[in-house]
Amino acid sequence: GMADLRFDPKAFPAPAVTASISFGKGSENLDRYATVMLQRQALIDRVENAFRHAKPGERVTISMKAETTAWQADLKAEADPLTRQALWLALTQFSPDGLDFSNLPKDLPPDSPFFASEPVAAMHAPDRMPEGPARNAYEADIFRGLDPKSAEVFVRSQLSGLIYEGKAAEARTKLASFESTRPGLPIYAKLATQIEATGKIVVGARVPAFQIANLTDATETYSPASFKGKYLLLDFWATWCGPCRAEMPQLHKAYAEFHPRGLEVLSLSFDLKAADIAPYRKDAAHPMPWHHAFVEKGFQSDLAKAFAVTGIPKPILVDPSGKIVAMGESLRGEELEKTLTKLLPSTTKRFFMSWLWFHLFPPLVFGLFPMRQVPSS
């Protein structure tokens, strides 16, 4: 038979005491090391829970001063090398203001075991140092020492942001640097393809051709021609994507204001299945009253590859002629309304321009170039 097992965290009471680990007498160094790691994980959990329980559009503010101040104080008294590395690892992750990271290659050496177990930490550490040759050398030394799998995670982490933002030239330079430092990683070919694609999805480029079925009416398909003469906001998203959901208040506000001015929105879902979308839209807070489509295979789809979608949300704005006029951060949060305000004039402004055209332009032209009277015969 089949068993349906479900875990409900709410059914279990929260622990009344803070977790701790002790290895017994004579293991004081290990005890302090374990304490640092537990404190770091507790802070990670606190941050993740704050974002997980935040309402759409809510700004999350978390104070980490108590933890980071305590870790800096512990560093002054700590002599155990491994515990010192654990403290620096925590500080690089949460980066308190005013802390000098210039000696990081000595404090958290490139061959630290933490980098092999946490490849993302290998990315955070060099980023905390001032830009320059020392930082570049530190990053290269860390990269050389990683096992192949961790090295691929490291490369992908370093390039994913540049690819997402459409910074193809910068991504190519970074990729070439990785290849020269450590040739032969299989991930290079895949990333090169993504960089090539993102180089075509830039402001000023033509929107790629696509054809996709309407989510609620399979007989209707969307393509760039479907929105000719309109501004089109392509909204790559998913219900499981927290940052996508956080965009909903601003997106609904912008749609209400700019749809009458000629804005259309096509939300392209990367959900695991199309049926996940309708329950989300039933909530009165985010009905998403615009066009919808479901992207089969998500990030592995031809559509994702054509638009260089390596992360979501990824908004792209296309003008009435089919040219990309904005994308990325300029279309997120409060920037969305600012960008649309610049591109889509208000009804009042359009009326005023029309009035000028019909009332001022003809007298001006005919005043400069008066019509000749043709004598009658």
Side-chain angles (χ1 to χ4, degrees), residues 28-48 62-162 165 167 170-171 173-183 185 187 191:
E28 289 78 7
N29 287 348
L30 280 175
D31 289 349
R32 293 197 304 276
Y33 164 77
T35 298
V36 173
M37 297 303 286
L38 286 172
Q39 290 172 343
R40 174 172 166 258
Q41 187 58 52
L43 182 52
I44 292 172
D45 292 343
R46 184 155 67 87
V47 172
E48 290 181 348
I62 302 169
S63 175
M64 308 173 189
K65 187 174 182 179
E67 290 87 351
T68 56
T69 301
W71 290 332
Q72 291 179 70
D74 290 342
L75 269 174
K76 295 178 180 179
E78 185 58 61
D80 178 60
L82 187 62
T83 305
R84 287 186 63 83
Q85 288 188 36
L87 286 165
W88 276 110
L89 176 72
L91 289 167
T92 58
Q93 183 168 6
F94 296 103
S95 188
D97 294 334
L99 184 59
D100 182 9
F101 287 104
S102 58
N103 290 322
L104 207 53
K106 179 181 177 181
D107 298 319
L108 189 59
D111 60 354
S112 171
F114 291 113
F115 292 144
S117 60
E118 300 185 43
V120 176
M123 178 185 70
H124 286 309
D127 285 348
R128 301 300 179 246
M129 292 181 64
E131 292 188 12
R135 169 176 163 173
N136 296 337
Y138 182 45
E139 180 181 85
D141 288 341
I142 292 173
F143 180 48
R144 290 189 191 95
L146 296 176
D147 64 84
K149 184 176 180 180
S150 297
E152 292 207 352
V153 174
F154 180 82
V155 173
R156 188 184 297 111
S157 298
Q158 290 280 40
L159 289 175
S160 60
L162 296 175
E165 294 170 10
K167 298 179 179 178
E170 192 174 342
T173 301
K174 192 80 172 175
L175 180 60
S177 174
F178 284 130
E179 288 182 297
S180 64
T181 302
R182 186 170 176 172
L185 290 179
I187 192 69
L191 290 172

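Counting begins at 1 with the first residue of the sequence.
- Every side-chain contact (heavy atoms from CB on, under 4.5 Å) that Glu170 has, sequence neighbours left out, goes to Leu162, Lys167.
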Residues 122-134, side-chain donor-acceptor partners within the protein, below 3.5 Å, at least two apart:
residue : atom : partner : partner atom : Å
Asp127  : OD1  : Arg135  : NH2          : 3.3
Arg128  : NE   : Thr92   : O            : 2.5
Arg128  : NH2  : Thr92   : O            : 3.0

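- With sequence neighbours left out, Lys65 forms a side-chain contact (heavy atoms from CB on, under 4.5 Å) with Ser63, Thr69.
- Legend: residues meeting side-chain hydrogen bond (donor to acceptor under 3.5 Å, both in side chains) with Asp147, ordered by chain and number and at least two apart, are Ser150.
- Here the OG-CD distance, from Ser177 to Glu139, works out to 7.0 Å after rounding to the nearest 0.5 Å.
- A search for side-chain hydrogen bond (donor to acceptor under 3.5 Å, both in side chains) contacts involving Thr181 returns nothing, not counting sequence neighbours.
- Legend: salt bridge (Lys or Arg N to Asp or Glu O under 4.0 Å) pairs involving residues 36-46, not counting sequence neighbours, sorted by first then second residue: Arg40-Glu118, Arg46-Glu67.
- Scored by the side-chain contact (heavy atoms from CB on, under 4.5 Å) test, Ala34 finds Ile21, Phe23 as partners (sequence neighbours excluded).
- For the side-chain contact (heavy atoms from CB on, under 4.5 Å) test, residues two or more places apart in sequence or in another chain that qualify with Leu75 are Arg84, Leu87, Trp88, Leu91.
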Show me, pair by pair, the donor-acceptor contacts under 3.5 angstrom made by side chains of residues 107-114, not counting sequence neighbours?
residue : atom : partner : partner atom : Å
Ser112  : OG   : Gln85   : OE1          : 2.6
Ser112  : OG   : Phe114  : N            : 3.2

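- Ring geometry for Phe115 versus Tyr138: interplanar angle over 60°, hence perpendicular rather than tilted (30 to 60°).
- In terms of the side-chain hydrogen bond (donor to acceptor under 3.5 Å, both in side chains) criterion, residue partners of Arg32 (sequence neighbours excluded) are, by chain and number, Asn29, Glu78.
- Listed by chain and number, the residues in a side-chain hydrogen bond (donor to acceptor under 3.5 Å, both in side chains) with Glu28 amount to none (sequence neighbours excluded).
- Within the structure, no pair that satisfies the salt bridge (Lys or Arg N to Asp or Glu O under 4.0 Å) test touches residues 89-104, not counting sequence neighbours.
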